[in-house]
Number of protein chains: 2
Amino acid sequence: MATLTSKTVGKGKSEKAAASEGTITLLKNGGITSPEGFLAAGVAAGIKKKKGARDLALVVSTVPAEVAAVFTVNKVKAAPVRVSIEHAKLGKVRAIIANSGCANACTGIDGIRDAKETTALAAAAVTEAGFPAKAEEVLVCSTGRIGTLIPMPSLRRGVKAAAAALASESVTAAEAIMTTDTFAKRAAVRIVIDGKPVVIGGIAKGAGMIHPDMATMFCFVTTDAAIDRTTLRRCVDEGVARSFNSISVDGDTSTNDTVIVLANGQAKNAKLTAKHPQLPLFRSALRRVMKELARMIVRDGEGISKVVEVTVKGAASAREAKLAAEAVGKSTLVKCSWCGNDPNWGRIMDALGYSKARMQEELVEIFYDGLQAVVNGQRSLVPETRIKKIVTRPEFTITINLHLGQGEYTFLTADLTEEYVTLNKGE
Amino acid sequence: MATLTSKTVGKGKSEKAAASEGTITLLKNGGITSPEGFLAAGVAAGIKKKKGARDLALVVSTVPAEVAAVFTVNKVKAAPVRVSIEHAKLGKVRAIIANSGCANACTGIDGIRDAKETTALAAAAVTEAGFPAKAEEVLVCSTGRIGTLIPMPSLRRGVKAAAAALASESVTAAEAIMTTDTFAKRAAVRIVIDGKPVVIGGIAKGAGMIHPDMATMFCFVTTDAAIDRTTLRRCVDEGVARSFNSISVDGDTSTNDTVIVLANGQAKNAKLTAKHPQLPLFRSALRRVMKELARMIVRDGEGISKVVEVTVKGAASAREAKLAAEAVGKSTLVKCSWCGNDPNWGRIMDALGYSKARMQEELVEIFYDGLQAVVNGQRSLVPETRIKKIVTRPEFTITINLHLGQGEYTFLTADLTEEYVTLNKGE
């Protein structure tokens, strides 16, 4: 799914080490308005066909915020993605306006015009609500079917309604970006930096896996941390690489995938820079929020019955570990066998064999939740019934050791079910 | 699916041009014993669990035959593949012994030992039947679940029974290599070379798409043409590239995929070499047999309701045309939408966008059975209902023009259905 533009990052400090430098507290019912100085709203603008369904979300920072945004690497980029890329370059950001029900992708100059108008409308409405904003300070996102234009009259009414509804809660906004997601995805954590509480919160929606009308993964994160732009950018790149870029449900990458992180400094900590001793804690906390949301996305794949964490160790390089883990985690046959509670490690061997990673059949070991099924590329002595039992679990891990080097990569994936096809086949 | 080792080949003469040099006649009920000097049999050896199901095929040339074989590029190669690679190098071939019900892959030295014993057993049985053969003159193939050993007592009995049953019919052999194929796949054509009738026949089984116990695509072709080894090899490489390496049902490549072509010279034509004026006719005829069998394989994908031919034109290079066509033809979301009779060309744009082929959204055209759905990367004026109608057809074409260069590639694929998952999920 979502492969987003982000710089390659080195292996960060382990979560354990980071935790020892400070506590990361998960906030119950936390979300995008948990940090100081953020408001949100979600309304039914009439963009979705279903009457009364929320389809327009607005997120506002009470003061201009630093921004780091990561967009799809798909060469076909939706109009809102193109506009947001430009706006994110310009400087601080005041608001995010996001609709579901229409992707506004493959819509040419008309689509660009509409996306730009949307940012202007949002800026005007937010200004009227007391938070002066220019169009260039608004980022815009759309998700839904590709190839159709947004019904602008509905959107225009919706933007005003959303601005009027701004509040310190993020459930309605999380709902408004849902397409076929079955639950609203929210998470927030609190850490302490320079003796001040700092909060990071986020909302997200599922990606490229569920429904014909869904083309996108979104993640919007807010924090009241004071942090400089470059440092924020680095933290976000690393967080994305280890969360949203390490999950897959169906291997498709969308035209609209977007991650936006806003930092408004309202926590009043000493500004986080590369040299700040507590930067690792902030980085871990941000990663924690992103990982929580990424796991919710996989777990919410409609028609999915199992979440499987595939780790490849001992690859000749980190790149090859990724290639091998992705070949396994994206194989239709492997995913089908999980659905049927069948370990069928032969299909994993097969996928490793056709991946672009170097491997030697005779060196491969495969473990299911730590139990060894394959040794030297062949069936182990562990009774297959015990391995089968593991594959019936709703979540399990598969660890593959190629015994060629130090490369390691973990990929979160899911099984492939009949329901997936039913939900994706159309109309 | 099957990506087999074969040299890259230039664009052959067009079929039309070739046909003008001679007629290719499709033989009704033709198969692997249609050429002179070939016998075959298929028996129930008890390797498959289902009692009485044919699971062992034997193909014999009455005189030693030239061979050209192409094997899977998967780094995990089944024991029979490893043995056959060695034997095919040594010289002429007398027989092929092939079982279904067990892939004999990931079985270590025990698997190699069994595959070698199988060639020795077949050589002895064929010798006893009046066709003196050494073990090295036998190629061995296996298909079925990965990771288990062949029940050798059953196989030993089966080899004798198969040799005793050798006859001029190929239906039982075609049946014996079936796993979850729903029909036996056979084809044969006749051409005239140097005034002599020359026949090419083949049998095949489906690949990597249907069932957990199925790991393989097989295609065995026989011809009575007299042809030198190098020329045969070139014709086979080209034929495979334009047939079996251009089809996909689920994108998985197996450990056992094998194409074997035997030429025994019994047609008594002047030996075909690179300089023979009728070589293009032979090449076209061989390609025709392979294409017929490849199309049967796609059509027989269980749980598949549609066969779709995806052509990418105007790519920056031939390689990029292939990358683009494969991205579309293997996209889970694209395949699901076909299943639901939904053109959803937005998903095709999306797949083109994440493929490794260069593309510019604004230049893309997409046609369904010649009807233009997308112009300049956007919806055309053709009513969507007309495009929808095409996608309800059991077979249709999608032609994509990237308008960047001369690269062109055609890929045969199918939709993804609930039934596919049901058939693949287990046991």
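All values below were derived from every heavy atom in this structure, side-chain atoms included, with hydrogens, water molecules and symmetry-related copies excluded. These numbers were taken from a predicted model, which means no experiment stands behind them. Order of the sequence lines fixes the chain letters, A, B, ..., with proteins taken first and strands second; residue numbering starts at 1 for each chain.
- When heavy atoms are compared at a cutoff of 4.5 Å, B:Ala357 approaches chain A solely by way of its backbone atoms N, CA, C and O.
- Expressed to the nearest 0.5 Å, how far OG1 of B:Thr107 lies from CD of A:Glu361 amounts to 7.5 Å.
- Only the side chain of B:Glu362 comes within contact range of chain A, with at least one heavy atom under 4.5 Å from a heavy atom of that chain.
- Remark: A:Glu418 CD to B:Thr417 OG1 distance equals 9.5 Å, nearest 0.5 Å.
- Residue B:Arg113 qualifies as enclosed at atom CZ: its count of foreign heavy atoms under 6.0 Å is above 12.
- Applying the 6.0 Å contact sphere to CZ of B:Arg82 captures more than 12 heavy atoms from other residues, nucleotides or ligands.
- Considering every non-hydrogen atom in both A:Cys106 and B:Trp345, the closest pair reads CB-CZ3, 3.8 Å.
- A salt bridge is absent between B:Lys75 and A:Asp350; no separation between the charged side-chain nitrogens and carboxylate oxygens falls under 4.0 Å.
- Top candidate by heavy-atom pairs under 4.5 Å with chain A, chosen from B:Gly111, B:Ser355, B:Ala327, is B:Ser355.
- Taking OG1 of B:Thr148 as the start and CD of A:Glu384 as the end, the distance is 9.5 Å to the nearest 0.5 Å.
- Between chain A and the options B:Gly353, B:Gly346, B:Gly147, the largest number of non-hydrogen pairs under 4.5 Å is found for B:Gly353.
- Rounding to the nearest 0.5 Å places CG of A:Leu416 at 6.5 Å from CG of B:Leu416.
- Heavy-atom minimum distance, A:Val76 versus B:Met359: CG2-CE, 3.5 Å.
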